[in-house]
Number of protein chains: 2
Amino acid sequence: MAKKIEVRAPDTEIAFGVLPELIGYQLRLAQIAIFRDFETTLGALDITPGLFGVLVIIEANPDLKQTTLAKATHLDRSTVVSVIDSLEKRALVERRAAENDRRSNALRLTPAGTALLKKLKRQVALHEKRLAGNLNDQERATLVRLLRKILPEHR
Amino acid sequence: MAKKIEVRAPDTEIAFGVLPELIGYQLRLAQIAIFRDFETTLGALDITPGLFGVLVIIEANPDLKQTTLAKATHLDRSTVVSVIDSLEKRALVERRAAENDRRSNALRLTPAGTALLKKLKRQVALHEKRLAGNLNDQERATLVRLLRKILPEHR
DNA sequence: TATTGTTATACTCTATAACTATA
DNA sequence: TATAGTTATAGAGTATAACAATA
């Protein structure tokens with residue numbers, strides 16, 4: 001009788017215990033995969049998923065103040081300072097004086113920021129398409145819907 | 001005619017542009033929410049989702065070597081060194097001499113590690129239940145299945 | 001030559017606490 | 001008193017490059 005052939009390489013013969021059934025674990029893996037694909041696609045432009053989100057939010061909310069941005073991104077106020085510092089250094093965002101409140105900054109994209117974001121959006125669309133390559137439109141919508149359902153707002 | 005009442009607080013009147021339609025963005029939000037819930041549940045035990053995964057994998061693969069663990073966790077070999085350093089310092093894991101290869105370490109949970117992991121698994125089950133509180137069994141299974149589909153192995 | 005684990009080092013992302021200037 | 005932004009600082013988590021021991 002022929003011996004069973006070992007199909008998998010030794011290093012991949014690994015048991016993952018309970019992990020594969022955990023939402024948190026699968027989410028983690030998906031996140032890693034997405035981050036790496038994002039990096040491959042957009043790495044040359046030196047933008048992470050987080051920075052992309054910040055640019056989109058600033059564009060969609062002209063004269064946004066930093067504290068509001070912090071809430072929207074789930075970041076601390078102090079973290080936003082350094083994020084905006086770096087985007088301002090790259091001349092993608094500017095801090096203007098807010099009209100009503102002299103404590104606040106009013107954030108805006110510079111023309112360069114707007115131009116870059118336009119390019120980024122095209123790249124992100126390709127990235128999304130690649131990610132969702134195995135999903136049909138309905139599955140894609142379902143995935144987004146189910147992900148929303150686990151957020152605390154919906155609990 | 002009565003004026004329309006503004007339901008949301010000023011700070012939440014924020015536009016998110018294209019973000020809510022992006023799988024990557026929803027995944028990011030879900031990840032943040034999960035990490036925070038995990039921390040709340042398991043913070044006292046000083047274990048992150050990543051460390052939990054490492055413990056599970058070591059338990060499920062006795063005498064695992066570090067390089068294999070690195071592949072399984074998507075971490076660099078050098079990163080695994082410090083992860084195991086810290087788990088060893090906490091007496092949860094031990095590095096034994098491997099039998100066939102004097103370069104390798106054979107990783108094992110200590111009795112304390114096994115005991116802690118048992119406790120962790122119970123907590124993680126509660127955590128998962130809370131996360132999936134809004135999902136029925138079928139939705140939960142669908143979510144896991146769709147998440148798997150976006151991993152590179154399935155592309 | 002290649003692999004295993006290690007070290008030294010550094011970078012990114014993030015938060016906390018204390019400060020200042022306004023409100 | 002409370003809020004907006006800032007600074008100084010620190011911690012977690014990660015990677016790269018070079019190395020010694022072993023295969």
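No hydrogens, no waters, no symmetry mates; every other heavy atom, side chains included, goes into these values. Residue numbers start from 1 in every chain, and the chains themselves are labelled A, B, ... in the order their sequence lines are given, proteins ahead of strands. For clarity, every value in this text was computed on a predicted model and none was experimentally measured.
More than 12 non-hydrogen atoms from other residues, nucleotides or ligands lie less than 6.0 angstrom from CG of B:N136.
Donor-acceptor pairing under 3.5 Å, judged by distance alone, is present between the side chain of A:S78 and the base of C:dT16.
Side chains of B:I47 and B:L55 form a contact here, defined as non-hydrogen atoms less than 4.5 Å apart. Annotation: side chain of B:E88 is not in contact with side chain of B:N105 (no heavy-atom distance under 4.5 Å).
The nucleotide whose nearest atom lies closest to any side-chain atom of B:T79 is, among D:dA15, C:dA2, C:dA17, D:dA15. Nearest to the side chain of B:R103, among C:dC13, C:dT7, D:dA21, sits D:dA21. Closest to the side chain of A:D76, out of C:dT6, C:dT16, D:dA21, is C:dT16.
In this structure, the CZ atom of B:R96 is 16 Å from the P atom of C:dG5, given to the nearest Å. We find that NZ of A:K65 is positioned 15 Å from P of C:dT22, with the value rounded to whole Å. Straight-line distance from the CG atom of A:L75 to the P atom of C:dT12: 16 Å, rounded to whole Å. Between the CD1 atom of A:I32 and the P atom of D:dA15 there is a distance of 9 Å, given to the nearest Å. In this structure, B:E99 atom CD and D:dA23 atom P are separated by 13 Å, rounded to whole Å. Look at CG on B:L87: it is 16 Å from C1' on C:dG5, rounded to the nearest Å. C:dT4 atom P lies 12 Å from atom CG of B:L64, rounded to whole Å. Atom pair B:Q31:CD and C:dC13:C1' shows a separation of 14 Å (rounding to whole Å applied).
One distance of note links CZ of A:R95 with CD1 of A:I84; it measures 6.5 Å at 0.5 Å rounding.
For D:dT14, neither phosphate oxygen OP1 nor OP2 lies less than 4.0 angstrom from any side-chain nitrogen or oxygen of A:R36. When the side-chain nitrogen and oxygen atoms of B:Q66 are compared with OP1 and OP2 of C:dT3, none of them lie within a distance under 4.0 Å. For C:dT3, the OP1/OP2 oxygens have no side-chain nitrogen or oxygen of B:T67 closer than 4.0 Å. In terms of phosphate contacts, B:N105 brings a side-chain nitrogen or oxygen within less than 4.0 Å of OP1 or OP2 of C:dT6.
Rotation axes derived from the C1' atoms of the five outermost pairs at either end of the helix from C:dT1-D:dA23 to C:dA23-D:dT1 lie 0° apart, to the nearest 10°.
Across the interface with DNA chain D, nearest-nucleotide mapping of A:R28 and A:S82 shows A:S82 to be the residue nearer the 5′ end. Between A:H74 and B:A106, the residue whose closest nucleotide on DNA chain C is further toward the 5' end is B:A106.
Using a 4.0 Å heavy-atom criterion, one finds that B:R77 contacts the bases of the nucleic acid, with or without backbone contacts as well. Looking at heavy-atom distances under 4.0 Å, B:D101 makes contact with sugar-phosphate atoms alone, never a base. The residue A:S104 sits close only to the backbone: its heavy atoms come under 4.0 Å of sugar-phosphate atoms, none of a base.
Judged as a salt bridge (charged side-chain N to carboxylate O under 4.0 Å, His left out), the pairs with a partner in residues 48-64 of chain A (not counting sequence neighbours) are, in order, A:E59-A:K121, A:D63-A:R108.
Relative orientation of the B:Y25 and B:F16 rings is tilted, given thresholds of 30° and 60° on the angle between their planes.
Of all heavy-atom pairs spanning B:A60 and A:G17, the tightest one is CB-N, 4.1 Å.
Looking at residues two or more places apart in sequence or on another chain, you find a salt bridge (Lys or Arg N to Asp or Glu O under 4.0 Å) between A:R148 and B:E21.
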